[in-house]
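Working notes, structure below.
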Amino acid sequence: MVTKAIVATRPEDVVVLIPTLNEAQHIETVLGALLDDDAFARRTRVIVADGGSTDATRDIVGALQRRYANVSLMHNPGQTQSHAMNLLLGPDFADARVIVRCDAHADYPRGFLSRLVATLDAHPDAASIVISMDAVAKDEFFQTGLALIADSKLGAGGSPHRGGAVSGFVDHGHHAAFRAEVFRTLGGYDTTFRANEDAEYDRRLTNAGHLIWLQSDIRIGYYPRSNVQRLWRQYHHYGMGRARTCFKHGVRPAVRQLIPLCHAVLLIMSLAILPFTSLGLVWPAFYLGVVATAAVSVAWANRCWCGLVAFPALICMHTAWGLGFLSAVPIGLRMRSTEQAATPA
């Protein structure tokens with residue numbers, strides 16, 4: 001049997017895309033982490049796709065272009081990450097072999113791009129490489145406490161890429177590197193998704209028979225939201241996106257996703273019967289007791305008062321995700337009925 005030789009990807013064949021919208025606080029740090037001390041990365045094409053920032057993001061990128069000659073600034077009229085990634089479906093990028101997605105709101109290790117592309121080369125049977133994420137924080141009290149609980153089973157639900165430490169083939173993970181040919185064949189992201197666009201793409205990818213490799217030792221830090229309002233909005237979008245993915249592909253939520261969904265249903269039922277019976281207090285009391293215990297445990301284990309942030313944070317994450325999912329059910333049902341009506345008998 002003849003073993004096919006692995007041809008190393010050239011940096012000229014790699015295009016890196018960073019979607020931005022008001023990321024003046026982070027974009028210089030991100031570009032420095034990706035490009036400094038990485039000769040391979042300095043020879044790739046790096047595209048900052050800006051969705052119309054009203055802060056200094058575009059000015060900062062423009063100034064950094066004098067330091068990094070391989071960085072370009074593009075306008076993303078669709079604003080979302082899905083629209084930004086799909087800019088790479090254009091003819092200007094038809095010769096790209098590898099696409100790398102990076103987030104402006106993240107902390108990247110040195111040598112990230114060269115290690116990531118080398119991992120893709122080492123797994124020729126994989127259509128994409130996903131990586132692990134670890135919640136990190138700066139000095140904000142709420143963000144620090146949220147980072148302590150975000151990747152736990154009560155927080156993210158124990159997803160393999162959220163704090164996971166085992167490499168292998170998975171159904172989904174944090175998007176990092178794609179084989180451009182496959183990305184183009186699948187039509188890129190579904191731009192109707194504001195959230196969960198990555199999981200929806202992975203569903204189409206695996207349905208088409210492709211494989212996804214999680215490289216757990218290539219890790220990035222991500223910054224959780226800094227207040228309850230932003231956290232609520234984020235997880236409400238997550239829940240809506242997951243519901244749309246489930247209805248679009250006819251799949252059930254994973255067990256870890258059923259927890260916030262069931263919580264939202266039980267909470268609505270409890271509030272509905274509360275005017276008539278004290279049984280309406282059973283679920284809220286039980287749930288608050290579990291969350292309070294978890295918050296105290298986090299604070300005690302980390303010897304940090306900010307661990308108590310887990311109490312409002314978990315309530316916010318679970319309730320917003322569950323209500324977001326439920327709010328998208330009518331949209332999902334209409335979407336399914338439309339698809340069924342369009343399918344020949």
Side-chain angles (χ1 to χ4, degrees), residues 16-20 23 25-27 29-31 33-34 81-82 84-85 99-113 115-117 119-120 126 128-138 140 142-178 189 193 195-202 205 212-226 230-231 233-235 237-239 241-242 245 254 256-257 260 298 302 309-310 313-314 316-318 320-321:
V16 181
L17 188 126
I18 309 173
T20 58
E23 293 290 355
Q25 184 179 357
H26 301 284
I27 188 60
T29 301
V30 167
L31 285 173
L34 292 173
Q81 293 185 346
S82 299
M85 284 293 293
I99 294 171
V100 176
R101 166 182 163 170
C102 293
D103 296 323
H105 209 70
D107 184 14
Y108 287 91
R110 300 290 176 177
F112 173 79
L113 291 175
R115 290 180 60 201
L116 185 63
V117 174
T119 301
L120 187 62
S128 65
I129 302 297
V130 296
I131 57 175
S132 295
M133 305 167 62
D134 299 305
V136 296
K138 293 189 175 179
E140 293 91 345
F142 182 86
Q143 188 183 65
T144 302
L146 178 55
L148 296 176
I149 195 68
D151 293 332
S152 69
K153 289 187 177 180
L154 271 179
S159 301
H161 65 283
R162 296 291 292 269
V166 179
S167 297
F169 289 108
V170 295
D171 294 328
H172 173 57
H174 181 70
H175 280 185
F178 308 77
Y189 284 159
F193 278 65
N196 209 237
E197 75 286 345
D198 50 354
E200 193 281 327
Y201 174 84
D202 284 347
L205 187 73
I212 303 168
W213 179 264
L214 168 66
Q215 188 66 28
S216 63
D217 62 350
I218 300 180
R219 314 182 72 87
I220 68 169
Y222 74 96
Y223 299 102
R225 297 301 188 264
S226 57
R230 293 179 178 177
L231 184 65
R233 186 162 55 248
Q234 178 189 29
Y235 273 79
H237 287 159
Y238 283 173
R242 174 54 63 178
T245 298
R256 65 177 183 273
Q257 295 155 357
V298 170
N302 292 275
V309 166
L314 287 173
C316 179
M317 293 161 69
H318 295 159
W321 197 100

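Only a predicted model underlies this, so the values are computations on that prediction, with no experimental measurement involved.
The two residues Ala150 and Ala135 come nearest to each other via the heavy atoms CB-CB, 4.1 Å. Closest approach of Asp202 and Gly173 over heavy atoms only: OD2-N, 3.7 Å. Phe169 approaches Ala126 most closely through the heavy-atom pair CE2-CB, 4.5 Å. Considering every non-hydrogen atom in both Val30 and Ala106, the closest pair reads CG2-O, 3.5 Å. Taking all atoms of both residues into account, the shortest heavy-atom contact from Val136 to Pro224 is O-CD, 2.9 Å. Annotation for Ala137 and Ala147: closest pair CB-CB, 4.2 Å, computed over non-hydrogen atoms.
In this structure, CG on Asn302 lies 4.5 Å from CG on Leu148, to the nearest 0.5 angstrom. The CG atom of Asp217 sits 7.0 Å away from atom OG1 of Thr119, with the distance rounded to the nearest 0.5 Å. Atom CZ of Arg242 is separated from atom CD of Gln257 by 4.0 Å, given to the nearest 0.5 angstrom. Tyr108 OH to Leu113 CG: the interatomic distance, rounded to the nearest 0.5 Å, is 8.5 Å. The CZ atom of Arg101 lies 6.0 Å from the NE2 atom of His174; values are rounded to the nearest 0.5 Å. Here the straight-line distance linking atom NE2 of His105 with atom CZ of Arg225 works out to 6.0 Å at 0.5 Å rounding.
Looking only at side-chain heavy atoms (C-beta outward), Phe178 and Met85 come within less than 4.5 Å of each other. No side-chain heavy atom of Val309 sits less than 4.5 Å from a side-chain heavy atom of Thr144. Residues Ile18 and Leu34 have side chains in contact (heavy-atom distance under 4.5 Å, counting atoms from C-beta outward). Between Tyr235 and Pro260, the closest side-chain pair of non-hydrogen atoms is not below 4.5 Å. With a 4.5 Å cut-off on side-chain heavy atoms, Ile212 and His172 do not count as touching. Looking at heavy atoms from C-beta onward, Ser132 lies in side-chain contact with Leu214 at the 4.5 angstrom threshold. Side-chain contact between Ile220 and Pro109 is present, with heavy atoms from C-beta onward closer than 4.5 Å.
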Would Gln215 and Arg115 count as a side chain to side chain donor-acceptor pair (under 3.5 Å) if you check the C-alpha gap in whole Å, the side-chain angles of each, and the deciding distance to 0.1 Å? CA-CA 10 Å; Gln215 188 66 28; Arg115 290 180 60 201; over 6 Å; no
Please lay out, stage by stage, how Ile99 and Leu17 fare under the test side chain to side chain contact (heavy atoms under 4.5 Å, CB included). CA-CA 8 Å; Ile99 294 171; Leu17 188 126; 5.5 Å; no
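Using modelled atom types and a 3.5 Å distance limit, the side chains of Tyr238 and Gln234 yield a donor-acceptor pair. Using modelled atom types, one finds no donor on one side chain facing an acceptor on the other under 3.5 Å when comparing Asp103 with Tyr223.
At most 12 non-hydrogen atoms from other residues, nucleotides or ligands lie less than 6.0 angstrom from CZ of Arg230. Applying the 6.0 Å contact sphere to CG of Asp171 captures no more than 12 heavy atoms from other residues, nucleotides or ligands.
Side-chain atoms of His318 come within 3.5 Å of backbone atoms of Leu154 as a donor-acceptor pair (strictly under, hydrogens ignored).
The aromatic rings of Tyr189 and His175 sit parallel to each other, their planes meeting at less than 30°, with 60° as the upper class boundary.
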